[in-house]
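These notes concern the structure reproduced below.
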Amino acid sequence: MTPVLEAAGLRRTYPVPGPRPWRRSTREAVVDVDLALEPERSLALVGESGAGKSTLLRLLLALEVPDGGSVRFRGAAVTPRDPGRLRHDVGVVVQDAGSSLDPRATVRTSLREPLECLDGWADVDHDARVDELLAAVGLDPEQADRRPHQFSGGQRQRIALARALIANPSVLVVDEPFSAVDPATRAHLVDLLGTLARRSRLQLLLVTHDLGVADRLCDDVVVLAHGRVAEAGPIADVFARPRSTAAQDLLGAVGRLPEVRA
Ligand SMILES: Nc1ncnc2c1ncn2[C@@H]1O[C@H](COP(=O)(O)OP(=O)(O)OP(=O)(O)O)[C@@H](O)[C@H]1O
């Protein structure tokens, strides 16, 4: 079956300024990465800080041009100039998403915006859709005319999640979800994401440092190290029997997740 989202041979190198202009060097952030989000499965992208996760995500979302390789969404090539169905069909929750909401806009305005920009929503009652999504993420639709600062950090994350889901994407990309909230709120938000994904048959592409969250929400995992794929496969297999040093190190650092798999 054709993967939903697929990378082949992706490469991205950044210039690194040196002490003198003629002593510039480069940093390979992503090196020859192959990856597939398979139909009806969710994928976690894990790796230590600086492994290249966010860069890979920008390439997969066609927000940046790779130096080599290609990205395909539902079999069609995607580029920043021509992202095709990717922009319609993939919702994105960025790191610390609650803080990325427009502080001047009401929640209703922020949530309506994607509906006003994307095709296919002209005949839909936008306010009713906003109310529906706020309720789905556990917020009171009556509060939709407030601004982000009138909500708690956890509520703002819920609003960002609602915004990413408003146009009914089939894939939700989540970068380091909920890192800026306390552990209890994070646990609620992870539960919520799992419930929404199951209920809406939403596939997740999750970038996270938290292997417990990856294990809860995903079927497959790609372990990145120094920009390369160190190991990939079903998450249960990789976490039970990590073969690469990178996966062993990550799992060793969190004590092999015994309580997570229970
Ligand atoms: N725009 C950029 N310009 C120069 N170097 C960059 C840029 N973006 C990323 N890098 C470098 O590429 C490498 C990979 O960075 P990236 O942010 O993708 O890693 P990461 O795995 O997401 O890290 P973290 O978990 O800390 O967010 C790092 O060495 C980083 O310094």
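Since the structure is predicted, the reported quantities are computational estimates derived from the model, not experimental observations. In listed order, ligands and their atoms are each counted from 1.
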Query raised in the report: Is it true that Gly47 lies under 4.0 Å from ligand 1, counting heavy atoms only?
Result: no
Query raised in the report: Val90 and Val174: same hydrophobic cluster, using ILVMFWY side-chain contacts below 4.5 Å?
Result: no
Query raised in the report: For ligand 1, is any non-hydrogen atom under 4.0 Å from Arg58's backbone (N, CA, C, O), its side chain (CB onward), both, or neither?
Result: side chain
Query raised in the report: Got the closest protein heavy atom to atom 18 (O) of ligand 1, with its distance?
Result: Thr55 OG1, 2.6 Å
Query - Shortest protein heavy-atom distance from atom 26 (O) of ligand 1, along with the residue and atom involved - result: Ser49 OG, 2.5 Å
Report task. Before accepting this row, confirm whether a basic side-chain N of the pair Glu113/Arg163 lies closer than 4.0 Å to the acidic partner's carboxylate O. Result -> yes
Query - Carboxylate-amine/guanidinium proximity below 4.0 Å for Arg74 and Asp89 - result: yes
Report summary line: The salt bridge (Lys or Arg N to Asp or Glu O under 4.0 Å) partner of Glu64 among Arg81, Arg58, Arg11 is Arg58
Query raised in the report: Any idea which protein heavy atom is nearest atom 28 (C) of ligand 1, and the distance to it?
Result: Arg27 CD, 3.9 Å
Query raised in the report: What is the nearest protein non-hydrogen atom to atom 25 (O) of ligand 1, stated with its residue, atom name and distance?
Result: Lys53 NZ, 2.8 Å
Query raised in the report: Taking N or O atoms only and a 3.5 Å limit, does Ala29 qualify as a polar contact for ligand 1?
Result: no
Query raised in the report: With a 4.0 Å heavy-atom cut-off (strictly under), which part of Glu48 contacts ligand 1: side chain, backbone, both or neither?
Result: backbone
Query - Protein contact of atom 19 (O) of ligand 1 - nearest heavy atom, named by residue and atom, plus distance - result: Gly52 N, 3.2 Å
Query - Check: Gly50 N/O within less than 3.5 Å of ligand 1 N/O - result: yes
Requested in this report: State whether a side-chain donor-acceptor pair under 3.5 Å links Asp82 with Thr79.
Outcome: no
Query raised in the report: Going by an N to O cut-off under 4.0 Å, is there a salt bridge joining Arg129 and Glu132?
Result: yes
Query raised in the report: Among protein heavy atoms, which sits nearest to atom 9 (C) of ligand 1, and what does the distance come to when rounded to 0.1 Å?
Result: Tyr14 CE1, 3.5 Å
Requested in this report: State whether the shortest distance between N or O atoms of Pro15 and N or O atoms of ligand 1 falls below 3.5 angstrom.
Outcome: no
Query raised in the report: Charged N to carboxylate O below 4.0 Å: is that the case for Lys53 and Asp175?
Result: no
**Report entry** Heavy atom of His209, distance to ligand 1 below 4.0 Å
**Finding:** yes
Query - Joint hydrophobic cluster, Val223 plus Leu59, side-chain heavy atoms closer than 4.5 Å - result: no
Query - Pair Arg201 + Glu40: basic N to acidic O under 4.0 Å - result: yes
Query raised in the report: When you measure from atom 17 (O) of ligand 1 to every protein heavy atom, which one gives the shortest distance, and what is it?
Result: Ser54 CB, 3.9 Å
